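Would you mind keeping the following structure in view while I ask a few things?
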Amino acid sequence: MAWQGNVAAMPVQMQMYYTGPSSQQGEVAEPVVNFLKWFYHFIEKREIYHVENMYEDGYYKISDFYFKDKTWPAPDVVQGIVEEKDEASIFMILYRELYYRHIYARLKPTLEHRFDSYANYCELFSYLLTAEEPVKIELPNKWLWDIIEEFVYQFQNFQQFKSKAGKINDEEKSMLRDDEDNVWKVTAVLNILLQLTEKCNINQQLIAMEKGEAITEEIAGEFGMKPIYTMTGFFSLVGLLRLYVLLGDYHMALSCIEHVQFKDKDMMALVPACQITANYYAGFAYLMIRKYGNTIQLYQHILGYMQRTKQFFQNRSFQADDINKKNEQMLALLAIASTFCPLRLDESVNIQIKEKQGDKVARIQHGDMAVYDDLFFSGCPKFLSPVVSENPTSPFGSSGPRGLQLQVFKAEVEQQRLIPTLRSFLKLYTSIPISKLAKFLDMHENEVRCCLMAFKHKKEVAKGDSTDQTTMDIDFYVDKNMVHISDTKIARHYGDYYVQQVLKLKESNKLILGAALTPVVPANTA
């Protein structure tokens with residue numbers, strides 16, 4: 001349908017494509033037709049600035065306005081609109097990527113949609129990987145990141161779909177059995193991401209950056225000197241990190257980002273959504289291998305960054321929900337990590353934890369171990385099994401891979417169960433006999449020795465690679481039957497608190513000034 005209302009009521013992003021109420025191509029609205037034609041033109045002419053504006057703003061606004069509960073025009077219709085003769089052209093491949101992504105985001109994809117989307121991704125990546133020389137097309141970094149993120153998401157969604165055997169009808173089961181191309185197979189997805197990283201020698205580039213060396217063709221190769229290959233390869237590293245975490249292989253996940261620097265001026269900072277995703281999954285991987293200091297370090301940094309830039313994401317409604325969810329998940333995981341490895345937290349982050357998870361942290365301090373389950377489920381990702389069994393209760397039990405990861409986590413919680421109590425007693429003394437400590441804990445002296453050894457071991461493991469030397473707020477050593485304690489006082493950083501209060505004062509002033517400037521409309525006394 002063409003736009004029938006007042007043109008001035010249109011969003012600005014659509015007014016620029018509106019030429020008149022009578023010009024129409026089939027059932028596709030005139031602003032959409034013109035948007036597609038200009039999009040095609042800018043992609044073909046490699047005008048990256050205009051492509052970026054149309055992708056990041058126009059595409060999402062038009063989706064909200066015209067296609068909130070329906071699909072974008074079918075690819076064959078769009079091919080006619082832009083007068084593209086080759087359905088395998090790069091524009092048509094990119095349009096199909098947006099077309100299927102919209103279906104996943106707004107509608108319910110059919111099994112055919114899932115198959116076709118996978119085939120289109122294979123076509124897109126083949127276009128990049130099989131080229132004898134670097135392709136000439138240029139795309140914005142945000143779009144390249146969204147392609148990789150959506151590729152991993154659709155794989156995750158497909159595996160979850162297959163695992164729900166009871167909800168798959170007979171026709172879909174038949175299509176899955178007849179699938180000869182192994183659509184969305186885990187090894188195929190991993191292989192594609194690995195090839196994208198190798199095509200541009202991204203790890204060699206990152207090593208050179210660590211050393212402060214200039215990136216030359218000798219290091220990056222012919223393909224690695226082109227931004228589309230370098231950024232796709234870098235984003236693929238983050239995609240591999242996410243995928244391995246979902247599969248429960250945390251050491252392999254962290255090896256993928258071994259050379260990635262988590263800094264505001266690093267490559268991943270070019271796309272904020274990539275930065276947040278990488279920090280979330282890396283922090284979770286560190287949590288599961290018990291390096292709680294690394295988790296705290298990553299989450300403190302990214303949560304502070306998200307708080308500083310929250311206005312940026314609120315202006316983009318399509319990102320706000322995902323960002324808010326990641327914020328909640330990281331706060332839950334940070335609450336776990338900080339109970340296992342007490343470190344000084346930034347004042348702003350500490351306030352967020354108290355607001356969102358304060359009750360649960362208090363219950364943990366009173367010995368309620370069941371709270372860990374709630375925090376873990378609140379913060380963990382949706383795990384996958386590399387092999388989907390026809391029996392939904394096998395091999396992971398009724399709760400699936402998520403339940404298996406919870407069992408691993410609970411085993412660590414059980415080992416940590418007595419450490420908070422032990423720490424609280426040790427903080428009261430500068431030295432204490434093991435026999436006296438055993439009476440306090442109602443344990444045998446040999447069990448207390450084992451507990452002290454476990455405490456010492458967990459303390460070193462929890463620190464991980466964290467640069468904060470104040471890991472744990474207490475240290476001790478055992479000399480025969482006496483425990484000697486050296487209390488490590490953590491200096492308070494009053495500057496953080498002062499800055500926080502200044503920011504609150506500014507927010508209050510804005511509210512007061514806003515209320516003062518609002519005109520008061522007198523009531524109609526007639």
Side-chain angles (χ1 to χ4, degrees), residues 36 39-40 42-46 48 51-52 54-56 59 63 71-79 82 84-105 109 112-158 179 181-200 202 223-224 226-240 242-243 271 273-274:
L36 291 168
F39 207 23
Y40 174 76
F42 290 137
I43 288 175
E44 289 294 311
K45 296 298 181 182
R46 301 195 294 277
I48 187 71
V51 172
E52 185 173 13
M54 294 186 75
Y55 173 74
E56 292 195 14
Y59 167 73
S63 293
T71 67
W72 272 70
D76 57 339
V77 173
V78 172
Q79 189 177 345
V82 300
E84 170 60 62
K85 296 179 180 179
D86 185 7
E87 67 173 13
S89 68
I90 186 58
F91 174 79
M92 291 309 302
I93 294 173
L94 291 171
Y95 176 76
R96 287 194 293 269
E97 194 274 328
L98 294 175
Y99 174 80
Y100 292 119
R101 193 200 309 175
H102 178 80
I103 291 174
Y104 272 85
E112 187 176 359
H113 286 143
R114 298 174 192 274
F115 281 11
D116 291 344
S117 181
Y118 177 75
N120 189 66
Y121 275 119
C122 289
E123 198 172 350
L124 173 59
F125 295 134
S126 177
Y127 172 79
L128 294 173
L129 293 169
T130 60
E132 294 182 0
E133 59 182 25
V135 298
K136 299 186 183 302
I137 187 172
E138 293 183 38
L139 293 176
N141 292 331
K142 177 68 170 62
W143 196 350
L144 293 174
W145 161 249
D146 287 341
I147 287 171
I148 298 298
E149 184 186 40
E150 185 69 15
F151 179 59
V152 176
Y153 166 74
Q154 289 189 20
F155 162 74
Q156 180 183 5
N157 191 278
F158 184 77
D179 173 28
D181 297 327
N182 292 317
V183 172
W184 292 117
K185 188 177 180 182
V186 62
T187 51
V189 173
L190 287 170
N191 188 45
I192 287 172
L193 294 174
L194 286 168
Q195 285 186 61
L196 289 169
T197 64
E198 292 169 358
K199 190 72 174 179
C200 63
I202 188 61
F223 290 88
K226 300 297 181 182
I228 189 171
Y229 284 97
T230 298
M231 296 311 299
T232 303
F234 182 81
F235 294 144
S236 294
L237 288 177
V238 181
L240 286 167
R242 176 181 175 182
L243 190 51
V271 181
C274 172

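Position 1 is the first residue of the sequence, and the numbers go up from there. Given the structure is predicted, the values throughout are model-derived calculations rather than measurements.
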CD1-OG1 distance between Ile192 and Thr197, expressed to the nearest 0.5 angstrom |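 Reported value, rounded in 0.5 Å steps: 12.5 Å.
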Any Tyr55 side-chain heavy atom under 4.5 Å of Phe42 side chain =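 No; the side chains remain at least 4.5 Å from each other.
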With sequence neighbours left out, what residues match Ser63 under side chain to side chain donor-acceptor pair (under 3.5 Å)?
->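 In terms of side chain to side chain donor-acceptor pair (under 3.5 Å), with neighbours along the sequence ignored, Ser63 is linked to Trp72.
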With side chains defined as the heavy atoms from C-beta onward, is the minimum distance between Phe158 and Pro109 less than 4.5 Å?
->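 No - every pair of side-chain heavy atoms lies 4.5 Å or more apart.
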Spatial distance of atom CG (Leu196) from atom CG (Leu129) [nearest 0.5 Å] =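 One finds 4.5 Å between CG of Leu196 and CG of Leu129.
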Residues two or more places apart in sequence or in another chain: which of them pass side-chain contact (heavy atoms from CB on, under 4.5 Å) with Ala188?
->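 Expected list: Tyr118, Lys185.
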Any residue meeting salt bridge (Lys or Arg N to Asp or Glu O under 4.0 Å) with Glu87, in chain and number order, not counting sequence neighbours |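 Partners of Glu87 by the salt bridge (Lys or Arg N to Asp or Glu O under 4.0 Å) criterion come out as none, since no residue qualifies.
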Return a table of donor-acceptor pairs under 3.5 angstrom between the side chains of residues 148-156 and protein atoms on other chains or two or more places apart.
residue	atom	partner	partner atom	Å
Glu150	OE2	Gln154	NE2	3.0
Tyr153	OH	Asn157	ND2	3.3
Gln154	OE1	Ser117	OG	2.5
Gln156	OE1	Arg242	NH2	3.1
Gln156	NE2	Lys382	O	3.2

Do Glu52 and Lys142 have side-chain heavy atoms sitting under 4.5 Å apart?
->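 No; the side chains remain at least 4.5 Å from each other.
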Can you sort out the partners of His113 under side chain to side chain donor-acceptor pair (under 3.5 Å), two or more places apart, ordered by chain and number?
->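 Per chain and number, His113 pairs via side chain to side chain donor-acceptor pair (under 3.5 Å) with Thr110.
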Can you tell if the side chain of Tyr127 reaches within under 4.5 Å of the side chain of Ile137, non-hydrogen atoms only?
->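 Yes, close enough: below the 4.5 Å cut-off.
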Quick one: salt bridge (charged side-chain N to carboxylate O under 4.0 Å, His left out) pairs with a partner in residues 118-135, sequence neighbours left out?
->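 Sorted result for residues 118-135: Arg96-Glu123.
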Is the closest side-chain heavy-atom distance between Glu138 and Pro227 below 4.5 Å?
->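 With C-beta onward as the side chain, the pair stays apart.
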Gap separating the CD1 atom of Ile43 from the CE atom of Met54, nearest 0.5 angstrom =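 Atom-to-atom, Ile43:CD1 and Met54:CE are 8.5 Å apart.
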Can you name the side-chain contact (heavy atoms from CB on, under 4.5 Å) partners of Tyr40, sequence neighbours left out?
->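 Tyr40 satisfies side-chain contact (heavy atoms from CB on, under 4.5 Å) with Glu44, Val82, Glu84, Phe91 only.
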Does the side chain of Ile147 reach to within under 4.5 Å of the side chain of Phe125, using non-hydrogen atoms?
->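 With C-beta onward as the side chain, the pair touches.
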What is the distance from atom SG of Cys200 to atom CE of Met231, rounded to the nearest 0.5 Å?
->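 Nearest 0.5 Å value for the SG-CE distance: 10.0 Å.
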Among all residues two or more places apart in sequence or in another chain, which pass the side-chain contact (heavy atoms from CB on, under 4.5 Å) test with Ala74?
->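 side-chain contact (heavy atoms from CB on, under 4.5 Å) check on Ala74 returns Asp76, Val77.
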From CG (Leu193) to CG (Leu240), nearest 0.5 Å =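 Going from CG on Leu193 over to CG on Leu240, the span is 4.5 Å.
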Working to the nearest 0.5 Å, report the span between CG of Leu139 and CD1 of Ile228.
->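 One gets 4.5 Å once the value is rounded to the nearest 0.5 Å.
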Would you please name every residue forming a ring pair (Phe, Tyr, Trp, His ring centres under 6.0 Å) with Tyr229, sequence neighbours left out?
->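 Residues passing ring pair (Phe, Tyr, Trp, His ring centres under 6.0 Å) with Tyr229: Phe223.
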Excluding sequence neighbours, so at least two apart, what forms salt bridge (Lys or Arg N to Asp or Glu O under 4.0 Å) with Arg101?
->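 For Arg101, the residues satisfying salt bridge (Lys or Arg N to Asp or Glu O under 4.0 Å) (neighbours in sequence not counted) are Glu97, Asp146.
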Checking side-chain contact (heavy atoms from CB on, under 4.5 Å) for the pair Phe39/Leu98: CA distance, chi angles, key distance, verdict?
-> CA-CA 12 Å; Phe39 207 23; Leu98 294 175; 3.8 Å; yes
Sequence neighbours excluded, which residues qualify as side-chain contact (heavy atoms from CB on, under 4.5 Å) partners of Thr71?
->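 side-chain contact (heavy atoms from CB on, under 4.5 Å) check on Thr71 returns Tyr99, Ile103, Leu107.
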Student check: side-chain heavy atoms of Phe235 and Cys274 closer than 4.5 Å |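 Yes; the side chains approach each other to less than 4.5 Å.
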Not counting sequence neighbours, which residues clear side chain to side chain donor-acceptor pair (under 3.5 Å) with Trp145? List them please.
->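 With sequence neighbours excluded, Trp145 shows a side chain to side chain donor-acceptor pair (under 3.5 Å) to no residue whatsoever.
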Evaluate whether atom NZ of Lys199 has more than 12 neighbouring non-hydrogen atoms of other residues, nucleotides or ligands under 6.0 angstrom away.
->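 Counting other residues, nucleotides and ligands, NZ of Lys199 exceeds 12 neighbours.
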